[in-house]
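Here's the structure, in structure tokens; my notes come after.
None of these values were measured; they are calculated from a predicted model. First the proteins, then the strands, lettered A, B, ... as listed; each starts at 1.
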Amino acid sequence: MPELPEVESIRQGLRLGVSGDERAGERPSLIGMEISAVDVLWARSIHTPDAAEFVATLPGRALVEVGRRGKFLIFHLSAGAMLIHLRMSGDLLVERGGDYGAHQRVVIHFKQGWRLAFNDPRKFGRVWLVDDPEQVLAGLGPEPLAPSFSSQLLAEKLQATTRQIKPLLMDQSFLAGLGNIYTDEALYRAKIHPLTPARQVSRERAEALWDSIRFVLAEGIRMNGASIDWVYRGGAFQNQFQVYGRKGQACRACGTTIQRILVGQRSTFFCPICQSLTENRPV
DNA sequence: CACGTCACCTGCGTGC
DNA sequence: TGCACGCAGGTGACGT
């Protein structure tokens, strides 16, 4: 489910807490809390080490900071780090008391009485406990919002391959953080057809793509994520979609009907006029 | 190397 | 109401 902006929204909620009265969702920051116990309800949610060792190792460690790299959440502990990838349907909830929800797979209890619950209906999400986060993150491509990710770097990387632009942008080893929604939105804003061979993207249009990627991600974060079914988090970026999920509706720029095709088994939405395959449109 | 297919899972909406 | 089907924000292991 979550792409970079949703993961970032969760990160900020966990490290800063959420204000409001408790009934309306007030949550403390988890920073500084000490783990007292761990429940694993679906063993395969734990990627590394095995579930038994995971449960035995965590108690006594304190949460020092919550970071993010691509779509991974990084929980820096007083010793080592826990990483979580939410995949399609994962979510993290901070709660206290009461029964576990139906889809909770891993629950981390803190001495302070609160608990962090990894909720994941489809069971695709994974959790790691490692000494060094790089053991998990080593293969990731650049962080799109980092200052070091320049338009020149993107342009050069695009020139280095003939792969179709959409699957390429979704390849986490090429660039870390884009998923199906934000990729379609970025390609639309840059006026690039999703099947365009990367090498055919001009320098000028690569610049526009760089700009679009950073724009849609920043907007997503600002809107608290796209959260189609994360109602409680109030993500509003879904209201900003220009193409995603808009098959049959009019392009907001030219009025042409938005098309849906399959690219690498994924639904892909685009405007056949604004995003023509031939490079003859204004950037 | 680039691409297609399937597997991993559950829940929801739709149409019969 | 029941049921089959298609669909979903992601990734990894295959085969060609």
Give a yes/no on whether any side-chain N or O of [X] is located under 4.0 angstrom from OP1 or OP2 of [N].
X        : N      : answer
A:Tyr244 : C:dG9  : yes
A:Gln265 : B:dC6  : no
A:His85  : C:dG10 : no
A:Arg266 : C:dG9  : yes
A:Lys123 : B:dT10 : yes
A:Thr161 : B:dA2  : yes
A:His103 : B:dC9  : no
A:Ser267 : C:dA8  : yes
A:Lys71  : C:dG9  : no

query: Paired with C:dG6: which nucleotide, if any, by Watson-Crick or G-U wobble criteria at under 3.5 Å for both distances?
result: B:dC12
- prompt: Counting only Watson-Crick or G-U wobble pairs whose two distances fall under 3.5 Å, which nucleotide matches B:dG4?
  reply: C:dC14
task: Report the C-alpha distance between A:Tyr182 and A:Glu219 in whole Å, list the side-chain angles of each, state the deciding distance to 0.1 Å, and finish with yes or no for side-chain hydrogen bond (donor to acceptor under 3.5 Å, both in side chains).
output: CA-CA 10 Å; A:Tyr182 290 90; A:Glu219 277 296 283; over 6 Å; no
Let me know the distance between [atom1] of [X] and [atom2] of [N], rounded to the nearest Å.
X        : N      : atom1 : atom2 : answer
A:Phe269 : C:dC7  : CZ    : C1'   : 10 Å
A:Lys166 : B:dA2  : NZ    : P     : 19 Å
A:Ile84  : C:dG9  : CD1   : P     : 22 Å
A:Asp120 : B:dG11 : CG    : C1'   : 13 Å
A:Ile165 : B:dC3  : CD1   : P     : 11 Å
A:Met88  : B:dC8  : CE    : P     : 15 Å
A:Asn119 : B:dT10 : CG    : P     : 14 Å

Work out how far the [atom1] atom of [N] is from that of [M], and round it to whole angstrom.
N     : M      : atom1 : value
C:dC5 : B:dC6  : P     : 16 Å
B:dT5 : C:dG6  : P     : 16 Å
B:dC9 : C:dC14 : P     : 16 Å

- line: Ranking C:dT11, C:dG10, B:dA2 by distance to the side chain of A:Arg163, first place goes to B:dA2
query: More 5' along DNA chain C: A:Gln172 or A:Arg122, using each one's nearest nucleotide?
result: A:Arg122
- prompt: Salt-bridged, A:Asp39 to A:Arg115, with N to O below 4.0 Å?
  reply: no
- request: Could you list who else is in A:Leu41's hydrophobic cluster, with ILVMFWY side chains joined at under 4.5 Å, directly or through other members?
  value: A:Tyr100, A:Val107
Residues that, via side-chain heavy atoms closer than 4.5 angstrom, fall in one hydrophobic cluster with A:Leu137: A:Phe72, A:Ile74, A:Leu83, A:Trp128, A:Val130, A:Val136, A:Leu140
message: Are C:dT11 and A:Phe124 stacked, with the base six-membered ring and the side-chain ring centres under 5.5 Å apart and planes under 30°?
response: no
- prompt: With A:Phe269, which of A:Gln275, A:Lys247, A:Gln249, A:Arg246 fulfils side chain to side chain contact (heavy atoms under 4.5 Å, CB included)?
  reply: A:Lys247
task: Identify the two heavy atoms, one from A:Leu262 and one from A:Ser267, that lie closest to each other, and give their separation to 0.1 Å.
output: CD2-N, 3.8 Å
